[in-house]
Structure formats: C-alpha cells, structure tokens
Amino acid sequence: MKKTTGLIVLAVLLIVMISGCRTIENEKIKVVCTTFAAYDWTSRIIGEDNTDIDTVLLCDSTADMHSYQASADDIIELSLCDILIYTGGQSEKWVSDAVASNEKAEIINLLEILGTSAKIERHTEGMETGEHSSSGHEDTEYDEHVWLSLKNAVLFCNKIADTLAAADPKNSQLYLQNAKQYIKELEELDSLYQSTVTESKKDTLIFADRFPFVYLMDDYGIKYYAAFPGCSTETQASFETILFLAQKADELSVNFLLTVDGSQSAIAAAVAENTHNDEMQILSMDSMQTGGQQEIQQGKTYLSVMRSNLDIIKTALD
Ligand SMILES: [Zn+2]
C-alpha cells in the first residue's frame with residue numbers, strides 16, 4: 001500500500017510539474033521596469049489593447065531609487081522576468097545581482113545604451129561636496145537620471161521596441177509602429193524645448209536643492225547652479241552655499257528658485273531670504289524618481305511630466 005501511495009504522489013507531482021511547465025510556456029511575456037519612465041515608454045510601445053505582455057513597475061513606492069529597499073517579491077519578479085529595463089547605475093546594483101541567476105532574461109541597461117554619452121555626476125561651482133570628500137572613494141559615479149532627456153528617451157524607446165519585437169515576433173510590426181508614433185511625440189517636445197530655451201530672456205536656472213537634471217540642462221545648453229550634486233542625500237546646506245546661490249540669483253536678476261519633487265523648500269526659502277528680491281518665487285520640477293500605479297491611474301505620463309517641466313523652465317527663464 002505504502003509503495004502505491006508513493007507512486008500516486010509521484011504521479012501527481014509529475015502532472016503538476018508538466019502542467020506547470022505548459023502554463024509557463026503559455027504565459028505572457030513579462031517585462032520588469034525599475035523606473036516610472038521606462039514603464040511608461042514600454043506601455044506606449046506595447047499598446048493599450050495588447051494582452052500578450054505583462055509589464056511590472058518594480059520600484060512602485062514613494063522611496064526613490066537611491067534609498068529603495070528591495071522586497072522578496074522584487075527578487076522573484078527579477079528571477080522570472082523575460083525582459084528587464086533598468087538604469088544600470090550604482091543605486092541598482094542589487095537589480096544586477098538579483099537578475100544574474102535568470103538566464104533567459106533580455107537585459108536593457110540604459111546607461112550602457114548611452115555608452116560614452118553617459119554623464120558623470122556633475123559638481124559645479126557652489127555645490128556642497130561634503131558627501132564625496134568624506135566617502136573617500138574615487139570610483140566614477142554616473143549620473144543615473146538618464147530618463148530626464150528626451151533625446152535619450154528616443155534611443156531607449158528604439159531599443160525597447162526592437163527587444164519586444166524579437167521576443168514577440170507576431171506583434172513585431174505593432175511595436176515598431178507604436179514606437180515610431182511615440183518617438184515622433186518625443187521629438188516634437190524636444191523641438192519645443194529647444195525653441196523655448198532659444199527664445200528665453202534668461203539662460204540660467206538656480207536649483208536650491210539637489211540636481212538630477214544634468215541630462216536635461218545639457219540637451220539645451222541651459223546653465224545652472226545647485227545646492228547639491230545629483231541626488232545627494234544631504235538635506236542641510238551650509239550658509240556659504242545658501243549665500244552663494246542668493247548672490248547668483250541677484251547677479252542674474254532671477255525671479256524664480258527651483259526645487260526638485262516638491263522637497264527641500266527650507267533651503268529655497270533661506271536662499272530667497274538672502275536675495276534682494278522681495279518677490280522671489282519657488283517652483284518645483286518633477287524628476288520622476290518616485291511615482292507608481294496611483295499616479296499612473298491619475299493620468300501621469302512621461303510626456304505629461306516633461307511638458308510640465310518645460311512650463312516651469314519657460315517661466316523661470318522669462
Ligand atoms: Zn536621484
């Protein structure tokens with residue numbers, strides 16, 4: 001009797017395994033994205049009515065990628081995905097580690113696509129540098145905010161479309177067609193940025209905050225000053241930094257100070273207080289480092305954020 005039971009158990013296990021394999025074969029292609037921007041690009045290229053591909057936004061929380069804590073679910077998603085789209089920088093080293101055991105995954109590394117045009121985190125005059133001098137390491141740190149350039153987005157969308165077309169050949173024409181249409185929209189907005197900046201009276205922005213916008217500023221030759229480089233975790237600016245930014249604001253007759261993602265307004269307020277401008281206003285740009293399903297449901301898209309950012313730049317440079 002015992003032997004028979006054992007055989008039955010074995011048979012059931014085999015059936016489960018075989019049917020399990022079949023289910024996996026029939027399952028949708030799974031794309032994992034670590035950033036809101038990549039998730040939105042992929043959704044546009046896949047198309048609204050396409051149910052053959054399942055797209056997951058990994059870092060779907062209010063924590064930005066620099067302080068993100070991976071969950072067990074994230075590790076499972078990475079070990080099962082067919083396509084991974086990630087920035088490939090320092091903050092996402094855990095992603096590289098987690099996907100290493102997944103042999104079937106096609107990996108799209110955005111910094112790698114940029115190659116030699118990937119930018120090193122920029123330190124400009126007046127920025128707080130405490131973090132770097134104290135850490136002591138001399139490693140090259142790339143600026144990971146690669147999605148904040150419409151020109152980069154065009155490169156990335158082409159790569160995403162080609163990868164989807166190869167993974168799902170029966171829909172390849174759809175992906176290439178959708179990408180073509182979307183890239184047209186990206187290029188139109190890129191032209192609008194260029195003409196807006198060209199026609200602006202001013203040429204310099206002052207960020208009383210962190211500075212994740214180096215790709216965007218460089219695309220149109222906008223000059224800038226900022227309190228901290230990249231996405232420094234520092235929240236306290238020295239009085240020296242505040243005074244430096246206030247003096248620049250006066251020198252350039254600036255009427256608007258910028259912050260990032262609605263944060264750090266205390267520094268901006270301190271800078272404003274130290275200028276001679278009694279009507280200084282503070283505006284906030286969105287760097288798309290946080291944002292998840294809730295914002296997506298409310299209609300937030302990569303293009304809608306980049307349009308709002310252009311409105312702010314236009315106001316600040318006027
Ligand atoms: Zn950042």
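Only this structure's heavy atoms are used, side chains among them; waters, hydrogens and symmetry mates stay out. Note that ligands are numbered from 1 as they come in the structure, with each ligand's atoms numbered from 1 the same way.
Around the Zn ion (ligand 1), protein N, O or S atoms at a distance under 2.8 Å total 4; waters are neither shown nor counted.
Annotation for E295: atom CD counts as buried by contact number, over 12 foreign heavy atoms lying within 6.0 Å. The neighbour count for K170 NZ, taken as heavy atoms of other residues, nucleotides or ligands under 6.0 Å away, is above 12. Within a 6.0 Å radius of NZ in K159, no more than 12 heavy atoms belonging to other residues, nucleotides or ligands are found.
Annotation: side chain of L252 is in contact with side chain of Y225 (closest heavy-atom distance under 4.5 Å).
The ring of Y68 has its center closer than 6.0 angstrom to the ring center of W94.
Note on D190 versus K151: salt bridge recorded, some NZ/NE/NH1/NH2 to OD/OE distance being below 4.0 Å.
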